[in-house]
Structures are given as C-alpha cells and as structure tokens.
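Chain identifiers are assigned alphabetically (A, B, ...) following the order of the sequence lines, protein sequences preceding nucleic acid strands; residue numbering begins at 1 within each chain.
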2 protein chains.
Amino acid sequence: MQLKSLRLLVAVADTGSFGAAAKRLHTVQSNVTTHIKKLEEELGVQLIHRAGRVRPTSAGLALVEYAERMLSAHDEAVSLFKGQEKACGRLRIGAMETTTALRLPPILAAYHAAQPDVDIQIKTGPTAELVELLLNGQVDCVFVAGRLEHGRYHSLKAFSEQLVLVGSTPMTKMPSSQALLTSAFLAFRQGCSYRQRIELLLASQGVNAGRIFEFGSLDAMLGCVAAGMGYTVLPRGTVDAHQHRFGIHTLALPASIANIDTYFVAPEPETWTPALASFAETLRDAVVVNEPQLTAS
Amino acid sequence: MQLKSLRLLVAVADTGSFGAAAKRLHTVQSNVTTHIKKLEEELGVQLIHRAGRVRPTSAGLALVEYAERMLSAHDEAVSLFKGQEKACGRLRIGAMETTTALRLPPILAAYHAAQPDVDIQIKTGPTAELVELLLNGQVDCVFVAGRLEHGRYHSLKAFSEQLVLVGSTPMTKMPSSQALLTSAFLAFRQGCSYRQRIELLLASQGVNAGRIFEFGSLDAMLGCVAAGMGYTVLPRGTVDAHQHRFGIHTLALPASIANIDTYFVAPEPETWTPALASFAETLRDAVVVNEPQLTAS
DNA sequence: CGCTACTATCTTGTTTATAGATAACCTGAC
DNA sequence: GTCAGGTTATCTATAAACAAGATAGTAGCG
C-alpha cells in the first residue's frame, strides 16, 4: 500500500471520477485505474463502485478515513522540514540555571515572535548533565560553559561571563586564607562548571578543600549567601540582576578565573530541523548585537 | 516519501543499526542505506547519526514520531480487511422500526458475541428512506420490506412477516366499510411499506381514502390504537411482543395482503468489509434456523 | 597496528511506474 | 433503438526504481 495510491483513492472519492482525480494529482487516468485496482487486489475488496456513478463502496469509505489520517500525518511531517518561512514542531533547549535566568529570556522572546508555531521546551542543569542530554539526543541544543571538545558538534560562543565572588558583606580585597577556610562555599550540584572555578579560586589562595554546599536553584543559593552562610561564585550579570532582592556584595576575581564563556552547542547543522536552524540564526543575530567579535567552529 | 522507507527509518531508530533493521524487515543492508538516504535527500536534513553509534538526529527523532502515527494508521487500516478471524471497524445497519424492535436484537447479540471489535450503528426509518441511505452509501446494509429491484445489489430474504389488523376492541371479522370509513388509520411516516398495505386493505374493502395519521415510533402508535384512536396494520410478531403492555386486539388479514417479506439488502459481496461479510453470515445462520427454505439472489 | 563490525557504493537483473492510444462501457436524449 | 458524450479498462513501449550481492571505505577497540 503506497501513500500515492491512497492519495489517488481520496481524490477519486472526492471528485467522483477517475479522470478528475488524475488531473488533480497531475497524472493520467490509466494510472489512477491501476493504483486503485492494485489497492483492491491487495485488500481483497472492491473499493470503488464503477457502475453508474463512481463512488466509494463502504469498504472504500472506511479506507478513505484511514487514508486521510495517514496523509495528514504525512503532510504535517513534510511541513516540519519544508515549511515555507514558518518553522513548526518542537525545540528542546538545555541550558544552565544562570543562562536560563539571565541570557535566554530576550532570545526566546525574539525567537517566539519569529516562529510562533514552534513548541519550546527548556531543561536546566549543570554543564555535565546538559552535555549528556545532548549526546543522548534528549535535547536539540544546549548552552554550556566551555567549548565542547567532541568533534562532530557545532559550537558557537554565545555569551562571555565575568565571575565574581559573592558574599554577605562588602569586600575590597580577597578574603584571607583563614577566612576562606572557615567559610562555606555554595555551588550548584555536581557537574556545574562554575563549581570548578570555585575550586580553582581556592587553590590559587592556597586553600585546598573548603566546605562546599550544593544547591539546586539560584534563588536559594543567593538567599543563603545573603544570610551569611558563605561565599559563592557567579556571573556578574546574574548577581546584578538579583542584587536588589538580596543584601549581597561582590568582588572581582582575577581574569584567569573570572572569564568564562558560554557556548551554544548543537549537532552538525546538516541535522538541524528548520526550527533549530532558525533558533541558531536568532541567537547569532543577538550575539552580534551584543558582542561583534564572535567565534564559530 | 514511502511507507516502506519510514518503516525502515523506525527500525533503524529502534535497533541502532542498518543491518539489524534490514534483517527485521527481511531485506538487505544496502537497501536500508538507500531508503534512508533518499528520505534525507527529500527532506534536506540528515536523519541518522552515522559516526559512532547509529542513532537518529533530532530531525530524525521528530520524523520517527510522525512515521509511527502513519504506520499505526496503516496497520489498523490493513487489519480492517485482513484481520485474521476477528473483524473490526464499523458496521452501519439500516432497518425498519418493526424489524429493529423484534427481529434484530437476537441477531445483533449473536453478532456482537462473534465480533466484539466491530462498532455497530443502527439507523431506523421507513423502507424508502433506508433504500435512499443505502444508495448514498450512508449505511452498509439495510433490512427493508420487499426485494430491491436494483440489479447491482445483493438481496437475501431474511424474515417473513404476517400483517394483522390492530384495533382497541376484540374483532372476529373485518370491520364494516362504514366502520373503516369513520375510523382513522395510524401508520409510520411516508415511505413505510406497511402503509401501502393499509391502502391495499382499504381498497379491497371498497374504501378509497381513510384518514391516515403518521407516527414516528412504534410505542406511540400502539398507545394511540389502544386508546381507541383507530386501526393500524403491523406484523403479528411485533404486536404479540407488545400486547401485554397495551390493551390491543388483532385480526388476521387475507394472505395477499398479510404476507410480506423483509429482505436484507447490501451492495455486491465483493465490496463487503469483513465486518459486513461476517454479519451476513450470522444472519444467514439465524435465518436457516428459523426458516429452512431461504432465497438468495 | 590490525581486527572487527559497520555503512556506503557500485553493478546487475528484475520489477514497477508512467503516459498515451485504444477499446469497452454506461447514461441520457432524441 | 440508436447515437453521442463522457467515463473506465486494457494494452504497450519507454523510463525509472528497486532488490540483492559483492566490494570498498570507515570508525572503534584492544
């Protein structure tokens, strides 16, 4: 049973004529006869009344109903890839908590305005988890800290973040090793790339193993920092956006520790649905506006 | 885009290997490659990651979802016609009010027991309307009074009915012409074949145009007869079944007027779905039990 | 570095699809 | 009844597509 044959069957049922059906599907009448006959032989049932007016038999009518379901699914699938201008379908994005909170909203807003027919799904998590999701095909693209080494993926430097030390009291210089040792550090759960920077920072201050508490959400973490529970390390933009809600203070870190880039990573462009391709384009435009020097690989 | 290709795509996504997909669908690996490649060319998107583990790209995953919808619709459609033993789908039956009330229940019960997966739909109406429904393909088969002359239909004598005169008082002989003239006659709406018999009866008694009231339901009609509103003509079996509910009395009519056969009429057997073929068989069995001499044409 | 398992490509023979020409058919009108 | 108009079925030659096997190329693993 071929979709072509079913389309002809539906056309015959619609038009009430083999010739008209042929014309509608840009073929000739003899082919319509052949296709219908083949369907009938395959199913062992007469599908079309030929004597007198041409019209579907009750068996034909029943098949037409299924044919319409199949054909509409087919047409919808084709429009996923060949939709003119307007993409549709689904876009699954993975991103870090901080990226989702600070960077994504304006981009998603612009994308949704351009492609209103795409369902957007966001999953948040630390970098290591996101990479896993991407490799397993559970998301279509991710925003992660650091370029993905894996060769067969497309990376685009999306955002440059500057990490700052966040504490509950004003700071003018790095806290002493003693202070760092006795304080706790607050970080996202295992796999968060910012957490590695905390460890780098502690090492640079000659402190080897501070206590690290794990948090799942940004709000909880900042709340605890404000309450004097300890320090954390976050992108400056993220802290600035929340500063009015919490009594927190920041201290710039040395560039080697502070500078960290967020990359947009997705499989090779050849595998992109129009929905994803359009998102990458939206992102590239947004990045160019904010930061003219961009790097793709 | 062919169903065959989609089935291969699903198999590749399932098994994670072109070779295994080929084996599952009884073909060779090179054909799988060709089909997938053709799909990819047609849609302009890579559907399967080949490097490393073979697995669908996000575009491929999206297509697989639609492919599964199309294939399940296809398989369901095929099972409509090629279902082993158990028919499925829908069976639309048209029948007269009296047939539906008296004759159909045991047959439908037997049929439903044999084919529990078939949805049964009953439409009731007078013979003329039922024939119209059948000719328009709005029902799959009908039970009507009298054989359908139309050559391209299959007829089977299903039930023999004996019409009786029904009134509110005991009768031992035909009411006088005078009584008939002053009484009303109650019948189903235009197109009912029993109604023609009423007119025949009146004509045979030398009465040309009695008043005839039209009713839509059997219960209403019998209730009005019992209330002394007038006479009606119905199959004996139907009246017997309702006699305990109404105070009504019957009188046998001359055979030429009384005997009327109910026929099962459907399009040619070549156009039958398994659901309809199985129903015809159930009916034939039931008819043979009740009345060994049956006539098919 | 070679082994293993896999996919891509090429080739061959066969099958199937297409379009056109023609025959057979039904229907309605005269 | 017969004829005209429109419709479907059949046939045929050409072109396209397909299936299977053999072979070449490639990635991953020890």
Can you find a side chain N or O atom of B:Thr27 that sits less than 4.0 Å from OP1 or OP2 on D:dA20? yes
Taking any heavy-atom pair under 4.0 Å as a contact, classify A:Val32: base, sugar-phosphate, or nothing. nothing
With no hydrogens and no angle check, is any side-chain donor or acceptor of A:Thr57 less than 3.5 Å from a backbone partner on A:Gln46? yes
When you match A:Arg53 and A:Lys4 each to their closest nucleotide on DNA chain C, which lands nearer the 5' end? A:Lys4
Can you tell whether the side chains of A:Glu214 and A:Arg195 come within less than 4.0 Å, N to carboxylate O? yes
What is the distance from CD of B:Glu40 to P of C:dT7, rounded to the nearest Å? 13 Å
Could you tell me how far apart B:Phe18 (CZ) and C:dA5 (C1') are, to the nearest whole angstrom? 14 Å
State which of C:dT18, D:dA19, D:dT8 makes the closest approach to the side chain of B:Asn31. D:dA19
Report the distance from atom NZ of A:Lys38 to atom P of C:dT15, rounded to the nearest whole Å. 13 Å
Specify the separation, in whole Å, of atom NE2 of B:His26 and atom P of D:dA20. 11 Å
Rounded to whole angstroms, how far apart are CD on A:Gln46 and P on D:dA9? 9 Å
Salt bridge or not between A:Arg197 and A:Glu161? Use side-chain N to carboxylate O under 4.0 Å. no
Using a 6.0 Å cut-off, check whether atom CD of B:Glu42 has over 12 heavy atoms from anything other than its own residue. yes
Starting from C1' on D:dA17, measure out to CG on B:Leu39 and report it in whole angstrom. 15 Å
Can you find a side chain N or O atom of B:His35 that sits less than 4.0 Å from OP1 or OP2 on D:dC18? no
According to a strict under-4.0 Å criterion, is A:Gln2 in side-chain N/O contact with OP1 or OP2 of C:dA17? yes
Rounded to whole angstroms, how far apart are CG on A:Leu3 and P on C:dA17? 14 Å
On a plain distance test, is the side chain of A:Ser17 in donor-acceptor contact with the base of D:dG6 below 3.5 Å? no
Using whole Å, what does the distance between atom P of nucleotide C:dT7 and atom CG of B:Leu8 come to? 13 Å
Distance check: side-chain N/O of B:Arg50 vs OP1/OP2 of C:dC6, anything under 4.0 Å? no
For A:Ser30 and C:dA19, is the shortest distance between a side-chain N/O and OP1 or OP2 below 4.0 Å? no
Using atom types as modelled and distance alone, determine if a side-chain donor or acceptor of B:Gln29 lies under 3.5 Å from a backbone N or O of B:Phe18. no
Using a cut-off of strictly less than 4.0 Å, decide whether A:Lys37 has a side-chain nitrogen or oxygen near OP1 or OP2 of D:dT8. no
